[in-house]
Number of protein chains: 2
Amino acid sequence: MKRPLATIKDIARELKVSPSTVSRALKDHPDISKETKRAVNELARKMNYQPNALAISLKYQKSNTIGVIIPEIVHYFFSSVISGIEDVAYDAGINVIICQSNERYDREVANVKTLLANQVDGILMSVSKETEDFRHLEYIRQNQVPLVFYDRIIPGFVTDQVIIDDFEAAYQATKHLTDTGRKKIAHFAGPQNLLLGRQRKAGYQKAISEAGLTTGDELIFNTDSFEKAHLTILDILNKKTEIDGLFAVNDLTAIGAMKTLLKHGVKIPQDVAIVGFSDGRLSGITDPSLTSVDQHGYEMGSAATEMLLRRITSQKDYPAETRILNANLIVRESSEI
Amino acid sequence: MKRPLATIKDIARELKVSPSTVSRALKDHPDISKETKRAVNELARKMNYQPNALAISLKYQKSNTIGVIIPEIVHYFFSSVISGIEDVAYDAGINVIICQSNERYDREVANVKTLLANQVDGILMSVSKETEDFRHLEYIRQNQVPLVFYDRIIPGFVTDQVIIDDFEAAYQATKHLTDTGRKKIAHFAGPQNLLLGRQRKAGYQKAISEAGLTTGDELIFNTDSFEKAHLTILDILNKKTEIDGLFAVNDLTAIGAMKTLLKHGVKIPQDVAIVGFSDGRLSGITDPSLTSVDQHGYEMGSAATEMLLRRITSQKDYPAETRILNANLIVRESSEI
DNA sequence: ATGAAAGCGCTAACAA
DNA sequence: TTGTTAGCGCTTTCAT
């Protein structure tokens, strides 16, 4: 009953030629006669012959496959990164194995092992939030498997990487608020153990001080989720802390803040202008729509993949590269005038 | 310079034993002496030995890998499906190769070929919107590779499948509106060439007629996007078509409608109650938050994977199964009272 | 123009 | 307790 995929042997047997002849005929080798080629190709089609990629990978010691380690696929940003990776890889005839670390270190280590066991030709990764030990990365390097970081990097670990200029983007976002006359601009900041959180805060601070405004900590809140934003806003309203602008570390936070402000009769953008940092497609659909930094996940994925493929195919070694994509501000209703 | 992954041979050579001894020692075979095992395992650890999964797959004629064909990863629903798939597969020690069809037939066919070439043990797929020819699916079947459809199925193509009861969900969603006293309930319907579009519309119609309301076509609109919803609402307002409820085929459409209605001073939910069909995390963040059907993408992914793994490991054949997940309505502000 | 043989890394039946 | 050998599917060098 079981009728597994046809192999070169099957074709050879049927045609009473040797496997090597079939192999050559299939790749249009000049030595093989027209007649044989015709017969082989015809039968191959008829038998739905599909070369066994595993055998080829084993033979050539390369799998035409790259591995991706992603923290959590259910974030729009990361899924669009994957989309960019997939498209570039597909065009190059490269397969992609995707592993989720779910932001856990142990999973990440297991992912690395899986990918290496499967002989991937290269790895794209964004480190998990938990990762603080780099032995698994050294391990990748020992095995001479090219590694490209995207989005989240490890300062000091030298390898190709493509990142967003979080500092600059945050600076531009905040500057947009100061430029439009806001004077009391709050920042809802992300975790300060993540580079991203620190850089966005630093960008905010630079714009604030450039505008000659005070950067006292009383307008900076550790608030990075929809729910926390709700609570922080309540607190701000209670204490009657005056604000006329807000730059939030991500869109959900910005939207949570906006919703709570609106509920309390605060007008957006008249009373408070709000800028987020894009998590995805949320910014366009809120009311008012949200001014936000677009992170270009797709471009990040495609750029990282191009770097990796270049590294894989390159004969000679060359220094690690860092590609910085600039994220641009998209002004929408929440900060207009 | 190039120091590839250590192999069993390397270990054998170093220890002056045969590769088979190493192989057995590594899998704790009872025949091997404690001493040898110890030495082998120690050296293996030191050399960072990682079994070559390709070689093992080739040997055993099974790859411990399943393939997933997904229309577009950047939809929250699909990415949460993948998350469910990944988790179950990970727990079973199975790898996952993900391919995007990007809703294109030719890509889908290429994906199938790639997966078969890579000797996947099974395939999970949601057919693309373009797919109308099933030869590639027959091809999967010929090769005896188990196939499970999730979410989107092909009526008449018999295989394991897990779907959502769109009809029932739409019925419940609409019934919620009639139960709360709405009398003029519009439906913004999806493409009627997709089963999903037809079923959601049919569910709507059942609830409407059960409530003794008219199901005239004047309240059904082919409107399935944020932008189209905006235009359709403008049209409704212009023509002064009276509505006090709306069931939309997806959340984005519902949100587009809500935003435009609010802009024109229509109160939600007082004047018009709105129910969507979940695309993801949008429903919770709008203002008012949106009542919506939760599609449970994660559960769909994990259920489909369980079905597939069961099929793969099963010795004997059994009839194709259809698992219907019920999507449940989550009532939020847009339809309260 | 075609075939035989070896080998990629691993395992397992069979020998010793 | 360990080694030898053959084979998974494919390619390629070296014969013929």
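A quick note: this is a predicted structure, and the numbers were derived from the prediction, not measured. Throughout, a chain's letter reflects where its sequence line sits, starting with A, and its residues are numbered from 1.
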Visitor: Can you tell if the side chain of D151(A) reaches within under 4.5 Å of the side chain of F78(A), non-hydrogen atoms only?
Guide: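 In contact.
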
Visitor: Does the side chain of L195(A) reach to within under 4.5 Å of the side chain of R152(A), using non-hydrogen atoms?
Guide: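 Of all side-chain heavy-atom pairs linking R152(A) with L195(A), none is under 4.5 Å.
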
Visitor: Is any side-chain heavy atom of I85(B) closer than 4.5 Å to one of I98(B)?
Guide: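 Sidechains of I85(B) and I98(B): no contact.
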
Visitor: How many Å lie between CG on N64(B) and C1' on dC10(C), as a whole number?
Guide: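 Rounded to the whole Å, the gap is 14 Å.
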
Visitor: Provide, to the nearest angstrom, the distance between the CG atom belonging to L58(A) and the P atom belonging to dT11(C).
Guide: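 In whole Å, dT11(C) P lies 12 Å from L58(A) CG.
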
Visitor: Take the C1' atoms of the five end pairs on each side of the helix from dA1(C)-dT16(D) to dA16(C)-dT1(D), derive the two axes, and give their angle rounded to 10 degrees.
Guide: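 Here the local axes at opposite ends form an angle of 60°.
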
Visitor: Does P71(B) reach the side chain of S128(B), with side-chain heavy atoms less than 4.5 Å apart?
Guide: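 A side-chain contact under 4.5 Å is absent here.
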
Visitor: Between L54(B) (CG) and dT11(C) (P), how many Å, whole number?
Guide: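 My rounded result for the distance is 13 Å.
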
Visitor: Does Q61(B) make a side-chain N or O approach to OP1 or OP2 of dG9(D) shorter than 4.0 Å?
Guide: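 Yes, because at least one side-chain N or O of Q61(B) sits under 4.0 Å from OP1 or OP2 of dG9(D).
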
Visitor: What is the distance, rounded to the nearest whole Å, between atom CZ of R13(A) and atom P of dG9(D)?
Guide: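 Those two atoms, CZ and P, are 10 Å apart.
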
Visitor: Rounded to whole Å, please give me the gap between CD1 in I8(B) and C1' in dT4(D).
Guide: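 Taking CD1 of I8(B) and C1' of dT4(D), I get 15 Å after rounding.
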
Visitor: Return the value, rounded to whole Å, for the distance between atom CG of L26(A) and atom C1' of dT2(C).
Guide: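 Computing the L26(A):CG to dT2(C):C1' distance gives 15 Å.
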
Visitor: Quick one, M125(A) and F149(A) - any side-chain contact, counting heavy atoms below 4.5 Å?
Guide: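 Yes, side chains in contact.
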
Visitor: Is a salt bridge present between R107(A) and E72(A), judged by a nitrogen-to-oxygen distance below 4.0 Å?
Guide: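 A salt bridge is absent here (no side-chain N lies under 4.0 Å from a carboxylate O).
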
Visitor: Here's a test of your reading of the structure: between K59(B) and S18(B), which maps to the more 5' nucleotide of DNA chain D?
Guide: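 Nearest nucleotide further toward 5': that of S18(B).
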
Visitor: Using a cutoff of under 3.5 Å, can you pull out all pairs of nitrogen or oxygen atoms linking the protein to nucleotides 14-16 of chain C, with atom names and distances?
Guide:
none

Visitor: Do the side chains of D160(B) and R311(B) get close enough for a salt bridge, i.e. N-O under 4.0 angstrom?
Guide: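 Yes, charged N to carboxylate O under 4.0 Å.
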
Visitor: Would a distance-only check, ignoring hydrogens and angles, find a side-chain to backbone donor-acceptor pair under 3.5 Å from S314(B) to R310(B)?
Guide: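 Pair absent, no side-chain N/O of S314(B) close to backbone of R310(B).
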
Visitor: Can R45(A) and E42(A) be counted as an ion pair, charged N to O under 4.0 angstrom?
Guide: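 No salt bridge links R45(A) with E42(A).
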
Visitor: Assuming nearest nucleotide by heavy-atom distance, tell me which of A55(B) and P19(B) is located more 5' along DNA chain D.
Guide: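 The residue closer to the strand's 5' end, by nearest nucleotide, is P19(B).
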
Visitor: So does T7(B) get a side-chain nitrogen or oxygen closer than 4.0 Å to the phosphate oxygens (OP1/OP2) of dG9(C)?
Guide: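 No, outside the criterion.
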
Visitor: Counting just side-chain N and O atoms, does K9(B) come under 4.0 Å of either OP1 or OP2 of dC8(C)?
Guide: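 Answer yes for this pair, as a side-chain N or O of K9(B) is under 4.0 Å from OP1 or OP2.
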
Visitor: Are side-chain N/O atoms of D10(B) and Y49(B) paired as donor and acceptor at under 3.5 Å?
Guide: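 The answer is no; no qualifying pair exists.
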
Visitor: dA13(C) C1' sits how many Å from Y60(B) OH, rounded?
Guide: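 Y60(B) atom OH is separated from dA13(C) atom C1' by 13 Å.
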
Visitor: With a 4.0 Å cut-off, would you call R135(A) and E138(A) a salt bridge?
Guide: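 Result for this pair is no, no salt bridge flagged.
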
Visitor: On the ring face of F134(B), is R141(B) found with NZ or CZ under 6.0 Å from the centre and within 45° of the axis?
Guide: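 No, R141(B) does not sit over the ring of F134(B).
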
Visitor: Reckon S23(B) has a side-chain N or O less than 4.0 Å from the OP1 or OP2 of dC10(C)?
Guide: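 Looking at the OP1 and OP2 atoms of dC10(C), neither is under 4.0 Å from any side-chain N or O of S23(B).
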
Visitor: Could you check how far NZ of K27(A) sits from C1' of dG9(D), rounded to whole Å?
Guide: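 The answer, rounded to whole Å, is 12 Å.
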
Visitor: For DNA chain D, determine which residues of residues 28-39 of chain A have any heavy atom closer than 4.0 angstrom to one of its atoms, and list them numerically.
Guide: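 Close to the strand, none.
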
